[in-house]
Structures are given as C-alpha cells and as structure tokens.
K.L.:
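Mind having a look at this structure? Questions to follow.
Small disclaimer: the values here were computed from a predicted structure and weren't measured. Labels below follow one simple rule: chain letters A, B, ... track the order of the sequence lines, proteins then strands, and each chain is numbered from 1.
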Amino acid sequence: MTNRVFGHVSHYRPGDLFSSRAELSVARVHAPLRSGVSGTQAEGVDSLVLADQYEDDLFTEELIWYTGHGGRDAKTGKQVTDQLLTCRNAAFLTSRESGQPVRVLQKVTDEVRGQVYRYEGLYTVLDSRYEQGKSGFMVWKFLLKPRKS
DNA sequence: TCCATGCGCGGCC
DNA sequence: GGCCGCGCAGTGG
C-alpha cells in the first residue's frame, strides 16, 4: 500500500508558488528534496520538477519534453554517458500506461520573491523516446501534455 | 565548498 | 507486509 497521491494535493492549485524544495516537500506537492521525479516503477510518477537542468528539455504551453534521469556529471550537469532505463525512468512508462495525472512544477524567477517553484498543473504522459540528445549520448525523453480539466 | 535529508528499492524475515 | 540499510539526487544553506 501507499499514500502516494495522484492529482491535486490539498488546496494547492496551478499558479501557486513555493519558495523552496523543502516547502514543496512539506506540502507533499513534491516530496523528494532533491530528486526531480517523485514516483516508483510500480505506481508511476506523481510529480516532477523542471529546473532548467537538462539541456534536452523542452517546455511550451502545449507540451513538455522532459528528459529522463541519469547519465549526467554531478558537477557540470552535462550528459557524460547514455541514460539507462532506471526505475525512475521506468516510472514514466508506468504513467504512460495508466494515464494517471502528473503534477508539474517549474523553477521560475518571480519579480518579488526571486527563485520560486510554480505549480503548472496536471499533465499526462503521452509518449516516450530513447534517442540521441544534444550531448550525443542516448537520453530518455517523455512527452507530457496538460490535462483538460 | 561541504553535506544534510527524504525516499526508492532490495534484502531479509 | 515490515524493518533496515544503502546510495542517490532537476537543493540549498
């Protein structure tokens, strides 16, 4: 069993701002303090964070290509090896099968508050690819689109 | 520059 | 299922 929550948490809604990962964790909107993905291979992804860390990411109003996990140098953040189908990446495949909603957070700069995390809303994982990224190494990419509420 | 901290997962019972 | 220990990680003080 689990207490993982898919969909909106508590009273939090799209547009809400959080000042830190710790705040997101306490609110249970995105529990892990550092990991960008919250979820398991068995249950799927319940939330993720876009932090402008992966060069192969793409974020528009209509869709997100979220780069999978791993293969990066811890210091430089550059891809240095091929990504593997780790449990965390496999969690996206589970979500794609289940169609469960994924909470999406994005690190943005607010005029008043500086660096904050904005709740973008609920998305659905629609596709996955394993292809060569900008670095030349193989990366996982997951296509997400906003859910129609 | 260092490292805490929450969590996923495997091992074991 | 529950407990424990390990190692990771889209931070952040």
K.L.:
So does A:K78 get a side-chain nitrogen or oxygen closer than 4.0 Å to the phosphate oxygens (OP1/OP2) of C:dG10?
P.N.:
no
K.L.:
Take the protein atom NE2 of A:H30 and the nucleotide atom P of B:dT5, then report the distance between them rounded to whole Å.
P.N.:
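Rounded to the whole Å, the gap is 18 Å.
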K.L.:
Mapping A:L33 and A:G39 onto DNA chain B by nearest heavy atom, which one lands closer to the 5' end?
P.N.:
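The residue closer to the strand's 5' end, by nearest nucleotide, is A:L33.
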K.L.:
Once you apply a heavy-atom cut-off of 4.0 Å, does A:T67 come out as touching a base, just sugar-phosphate, or nothing?
P.N.:
base
K.L.:
Round to the nearest Å and state the distance from A:R103 atom CZ to C:dG10 atom P.
P.N.:
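Atom-to-atom, A:R103 to C:dG10, this comes out as 17 Å.
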K.L.:
Can the ring centroids of A:Y66 and A:F59 be said to lie less than 6.0 angstrom from one another?
P.N.:
no
K.L.:
Return no unless some side-chain N or O of A:Y117 is found under 4.0 Å from OP1 or OP2 of C:dT11.
P.N.:
yes
K.L.:
Over how many whole Å does the gap from A:R88 atom CZ to B:dG8 atom C1' extend?
P.N.:
6 Å
K.L.:
From the list B:dC9, B:dC7, C:dA9, which nucleotide is the closest neighbour of the side chain of A:H69?
P.N.:
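Given the options B:dC9, B:dC7, C:dA9, the side chain of A:H69 is closest to C:dA9.
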K.L.:
Between the base of C:dG10 and the side chain of A:D57, is there any donor-acceptor pair under 3.5 Å?
P.N.:
yes
K.L.:
Of the candidate nucleotides C:dG10, B:dC9, B:dC7, which contains the atom at the shortest distance from the side chain of A:S35?
P.N.:
C:dG10
K.L.:
Examine B:dC7: is either OP1 or OP2 under 4.0 Å from a nitrogen or oxygen in the side chain of A:R21? Give yes or no.
P.N.:
no
K.L.:
Can you check the A:Q115 CD to C:dT11 P distance for me, whole Å?
P.N.:
9 Å
K.L.:
Would you say A:R34 places a side-chain N or O within less than 4.0 Å of OP1 or OP2 belonging to C:dA9?
P.N.:
no
K.L.:
Please report, rounded to the nearest Å, how far the P atom of C:dC8 is from the CG atom of A:L84.
P.N.:
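From A:L84 CG to C:dC8 P: 13 Å.
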K.L.:
Could you state the CD1-P distance from A:I64 to C:dG10, rounded to the nearest angstrom?
P.N.:
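From A:I64 CD1 to C:dG10 P: 16 Å.
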K.L.:
Establish, from distance only, whether the side-chain atoms of A:T109 and A:Q115 form a donor-acceptor pair under 3.5 Å.
P.N.:
yes
K.L.:
Between A:S25 and B:dG6, is there a contact of a side-chain N or O with OP1 or OP2 at under 4.0 Å?
P.N.:
no
K.L.:
Would you indicate which nucleotide in C:dT11, B:dC7, C:dG10 comes nearest to any side-chain atom of A:K107?
P.N.:
C:dT11
K.L.:
What is the base-pairing partner of B:dT1, counting Watson-Crick and G-U wobble geometry with both distances under 3.5 Å?
P.N.:
none
K.L.:
Tell me whether the side-chain N/O atoms of A:R4 come closer than 4.0 Å to OP1 or OP2 in B:dC7.
P.N.:
no
K.L.:
With a 4.0 Å cut-off, would you call A:K134 and A:E55 a salt bridge?
P.N.:
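A:E55 and A:K134: not salt-bridged.
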K.L.:
Is the count of non-hydrogen atoms from other residues, nucleotides or ligands lying under 6.0 Å from A:D110 atom CG greater than 12?
P.N.:
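Check passes, neighbour count above 12.
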K.L.:
Whether the A:H30 and A:R21 side chains hold a donor-acceptor pair (N or O, under 3.5 Å, no angle test) is what I'd like checked.
P.N.:
yes
K.L.:
Distance alone, cut at 3.5 Å: any donor-acceptor contact between the side chains of A:H8 and A:Y119?
P.N.:
yes
K.L.:
Rounded to the nearest angstrom, tell me the gap between atom CG in A:L48 and atom P in C:dG10.
P.N.:
11 Å
K.L.:
Separation of A:Q79 atom CD from C:dG10 atom P, in whole Å?
P.N.:
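The distance from CD of A:Q79 to P of C:dG10 comes to 11 Å, rounded to the nearest Å.
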